[in-house]
Amino acid sequence: MTQPILEINHLQKRFGKFTALKDITFSVNAGEVFGFIGPNGAGKSTTIRTLLGLIRASGGSATIFGHDVWHDSVAIHQRLAYVPGDVYLWPNLTGGEIIDLLLKLNGNAHTARTDELIHRFGLDPTKKARTYSKGNRQKVALIAAFSQDADFYIFDEPTSGLDPLNEKIFQEAVLDLKHRGKAVLLSSHILSEVERMCDRIAIIREGTIIETGSLAEMRHLTRTVITVTTKTPLDPAALPGVHAVQTGQQPNSWQFSVEAEQLPAVMTALTAHQVVALQSTPPTLEDLFMHYYGKA
Amino acid sequence: MTLTTRTGTGRLTRLGLRRDRFRLLIWVLVLAGLMAAVAVKFVDIYGTKAEIAGIVATLKSPAIVAMFGPFQLGKNATTAQIFANEMLLFMALIQVVMNLGLAVHATRYEEDQGLTELLRAHAIGPQTPLLAAASELTLVNLGIGVLYALGLNFATMPGATTQGNWVIGLGLATIGWLFGMLTLLLAQLADHAASATGMAYTLFGLSYLARMITDVQQPRLTWWSPLGWVEKLAPYHQPNWTPVLLSGLTGLICITLALWVAQHRDLGSGAIATRPGRRTASTWLRGPLSLLWRRQHNVFLGWFLGVVVLGAAYGTVFNTIGDILKTNPTMQQVFGKAVVHSANHSLLVNFSALLAIILAAVAVIPGLQLIFKLYGDETHGWLEALYARPLSRTRLFLSYVGPASLLSTLIFLGGWGGMVLTGNASLTHASDGITAFEFWQGFWGQLPVIGLFLALGILLVGVWPQGRTLAWLYLAYGFVSQYLGNLLQLPKWAKRLSPFGWAPSVPVHHVAWATFGWELGLAVLLGLIGWWGYTHRDLQQH
C-alpha cells in the first residue's frame, strides 16, 4: 500500500493546564473520504487547526504528504484545500473577488469549472461579503476549494448553513473528488451525510479517538434491531444477547435488538419457531454515535 | 404592558452600562482625574501674580493659540482663568474621542455583530437600541461633567467660582454629548461600523481645523465650529451658558433625526447602502499585500489626506506665528531687520519642533492600527482563509508590518511637508521659513520615534497580544507629556519617559545621529522579537 496522505500519531495539544487533545491517531489515504465525527468540544476543530499549522502540537506527530504539519506548512498548503466551519470573509470584497484571490494564492486560476460551481451553488458573486448569509459565505469557501486543484481536502462542518439542495451538490462534488483519487477529511455533524459518503470514520470524544474503521466494521460493535413474527410462541428475552424487547401489533410479533456477536445464535433460535416475517435493521451511524457518546 | 417603539430602553441601557463597564470606568477616571490633577498643578505653578505675568506673553503667541485657543486676558488674569483658557479645548478633544468610540460601539458595531438582531427578536422596539445608547452617553457625559465641577471645587484655584466650575463641567459634558449624538446619527446613516467611525472622525477633524484657523485669524468666527464653543464658555471671566444651550439643542436635533432614521430603516442596512461590486477579481489582486490595499485603501488615503490637511492648516498660521513684531512691535527699531528675521525664523523653528512631535504621534496611529489589525484579523477569522494557503507566517507578518511602517512614514512626511510648504508660502519673507535642511532634520529626527512605537506594537502582537492597550496608553502618554509638558512644567524625567523625549528636539537642534542609531537598532530588535513570537505562537480561534 502506498503512503497515506495524512498520518497522525498520538497527537496531543495542551492549552495551559487544559488538555484539548489527548491521543489522536488516524490516517487518510488517497481516494478515500474519511469521516471525522464527535460531539461539540471534543477536539475536532483543534485537530484540524493543528493539521493546518495554525497551532503547534504539544506531543505526537502529524504529517501530510509525508511533511511535518508545523514546519512544512507552506509546502503542504500548496496541495491542500480547506473549508472552515465558520467562514469569515473580508466584508468589503465581493464573493467573486474572494474566490479568485483564494485561487490565485494557490497558483490556480478562475476556470470554467469555477463558473460552473458558482452557477450550480447559485451564488451571486457580485455581492459584497458583508451582505452574505452564513450559507452563502460557506458557498464562497466551497467554490474556491472545489475549483482548486489540490490533493488533500479538509472540510470542517462545511454544510451546516447549506440548504438540502446545496448539500446534495456538495456531496456530489466530494464523491467526484474521491473518484479522481483525492483524499478528503470531512468533519461533520450531519451523520447521514457521513454515512453516505465516508469510506472510513473516526469518532473522537474528549480529545481521544475512541473508534476508527469502516461503518461495516463498526456495526459489529453494536446491536442490530430485529422485527420478527413467528408461527409458534417465542420468548425473546430468554435468548442470549437480546435487549429492549417490545411486543408487536400481532400475536407472536416482537421487536428487539441483538448484540452483533450473538446474532447467529438468535437467528438459529428464531428459525426453530418458524419465521413468518423478518426485518433486520443494521445500526445507523447515529445509533453508533449515541452508543459511544452515551457511554461517557 | 403596552409595547411601543421604545420598549425595553431601561433594561437595554443597564445592559449597555454593564457591557462597557471597564472602558467607561477607565474613561471617567482618566478624564476626571486629569482635570482635577491639572487644576491642582496649576495652583502650584501659576498661583502667584508673578508666575502668571511670566506666562501671559507665551500664551498670547499665535503658536499656543493654534494649539489651545485664543488668549484675550490681560496680565491680571487669575490662575483659574488661565487654566480654563488652556485646558478646556484639550479636555474637550479627549471627551469627543471617547464619545465617538462609545457611540459607534454601542450601535453600529453591535448591529454588525448580529447582537442587535438577537435583541430585536425579543420585546424590544426598533428605536430601543439607539435610545439605550443615547441614554448611556447622556449618563456618562453628565457623570464626567459633574465630576469635573466637583474636582474643580476641590482644587480651589485662585479666581475660580462655583458658577464657573459648573459652566466647565456642564459645558464639556454637553459638547461631548453633542458629538456622541452626532455619531449616533452617522451610525444610522452608515451601513457598517468602520464607515460610521470614518465619517465621525472626518467631521471632528473639520471642526478642529475650523476652530484652529478661526482662532488664529478671526476668533469671532470660531462660533461656527462646535469645538470652538468650548472656548466661548469663558467660565471664570464672563460665564456664558450659550454654548451649553447650543450644544444641547444641536445634540437633540441629531438624536431626533437618528431616531427617525432608526424607525424607518431596515435592520442591518443604512441610508448609504453597500453596492454590488466586481464579479471577478482584477488581475493585480493576488496576494496578502494587494488584499490589504483592496480592503483598506480608503482608510490609508483618508489618513494621508487628513494629516496633510492638518499639517497645511498648521502651516497657514506661520505668517502670524513667525512675526515677532506682533508681540514685540519695538524690536525692529531697537535691533534692526536682520535680528527680527532671525527671531522670526527661530519662532517658526520652535513651533515646528512641537508640531513635528504632534504630527509624528498622529502618524503612528494608523500604523499601529494596521499592526494590530494583524491580530484583529486573526481573531476575526479573516486570516484563516489565508493561513490555509501556501503563505508563510513571515510573509503574512511582513505584509502587515511593512505597509504599516511605510504608511506611518508617508503620513508623517505628508503632514510635515504640508505644514512646511504651506507655512513657507504664507510668509512675506520666505527666508524666515523652514529651510530644506531643517525640513529633513525634522523628518530624520522623528523617524526612529515612529519606528519605536510601531516596534512596540509588533512586539505585543507577536508576544502578548492581550496587552495591546499598553501601546496606545504609552503613545497617549508620550503625546500628552509633550503637548502639555511645558504648560504644566513637567519635570524633565517625565518627558523622557517616552521616545519623544529621548533625543534633543528637531529641527531646533540637529539630529543626534548616535541616538538615531541606537533608537533604530532598538526598534529593529523589538520588531525581531515580535516576528519570532508571531511565527512561533498558536494562532487564536475566533
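In what follows, chains are A, B, ... by sequence order, proteins preceding strands, each numbered from 1.
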Nearest 0.5 Å, please: how far is CD in B:Glu384 from CG in A:Asp86?
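So the CG of A:Asp86 and the CD of B:Glu384 are separated by 8.5 Å.
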Going from OG1 on A:Thr94 to CZ on B:Arg294, what distance comes out if it is rounded to the nearest 0.5 angstrom?
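The CZ atom of B:Arg294 is 7.0 Å from OG1 of A:Thr94, to the nearest 0.5 Å.
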So which of A:Arg14, A:Lys13, A:Arg56 actually passes salt bridge (charged side-chain N to carboxylate O under 4.0 Å, His left out) with B:Asp538?
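Among A:Arg14, A:Lys13, A:Arg56, the one that satisfies the salt bridge (charged side-chain N to carboxylate O under 4.0 Å, His left out) with B:Asp538 is A:Lys13.
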Is [X] atom [atom1] crowded by more than 12 heavy atoms from other residues, nucleotides or ligands, each under 6.0 Å away?
| X | atom1 | result |
| --- | --- | --- |
| B:Trp293 | CH2 | yes |
| B:His297 | NE2 | yes |
| B:Glu117 | CD | no |

A:Leu89 versus chain B, heavy atoms under 4.5 Å apart: side chain, backbone, both or neither?
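For A:Leu89, the backbone is the part near chain B, not the side chain.
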Per-residue contact mode, A:Ser45 against chain B (heavy atom under 4.5 angstrom)
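Contact with chain B: side chain only.
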For [X] against [Y], the heavy-atom pair lying closest together:
| X | Y | answer |
| --- | --- | --- |
| A:Trp70 | B:Arg393 | CZ3-NH2, 3.4 Å |
| B:Ser282 | A:Lys104 | O-NZ, 2.9 Å |
| A:Trp90 | B:Trp382 | CZ2-O, 3.2 Å |
| A:Arg49 | B:Gln540 | NH2-O, 2.9 Å |
| B:Ala388 | A:Tyr82 | CB-CD2, 3.5 Å |

Count the heavy-atom pairs under 4.5 Å between each of B:Leu386, B:Asp112, B:Thr280 and chain A, then report the option with the highest count.
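Most heavy-atom pairs under 4.5 Å with chain A: B:Thr280.
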Let's test your reading of the structure: which of B:Leu291, B:Leu383, B:Leu391, B:Asp377 forms the most heavy-atom pairs below 4.5 Å with chain A?
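Top option by heavy-atom pairs under 4.5 Å: B:Leu291.
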Intermediate values then yes/no, side-chain contact (heavy atoms from CB on, under 4.5 Å), A:Leu102 and B:Arg389
CA-CA 8 Å; A:Leu102 293 177; B:Arg389 310 280 141 183; 3.9 Å; yes
Checking A:Leu93 against B:Arg295 for the side-chain contact (heavy atoms from CB on, under 4.5 Å) test, could you report, in this order, the C-alpha distance in whole Å, the side-chain angles of both residues, the deciding distance, and whether it holds?
CA-CA 7 Å; A:Leu93 269 69; B:Arg295 291 170 63 200; 3.6 Å; yes
Quick check: do A:Leu105 and B:Pro288 have side-chain heavy atoms less than 4.5 Å from each other?
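The answer is yes; the side chains approach within 4.5 Å.
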Below 4.5 Å, heavy-atom pairs only: which of A:Asp100, A:Thr126, A:Val74 has the largest tally toward chain B?
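Heavy-atom pair counts peak at A:Thr126.
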Measuring heavy-atom distances to chain A, does B:Thr394 have an atom under 4.5 Å in its side chain, in its backbone, in both, or in neither?
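It is neither, since no heavy atom gets under 4.5 Å.
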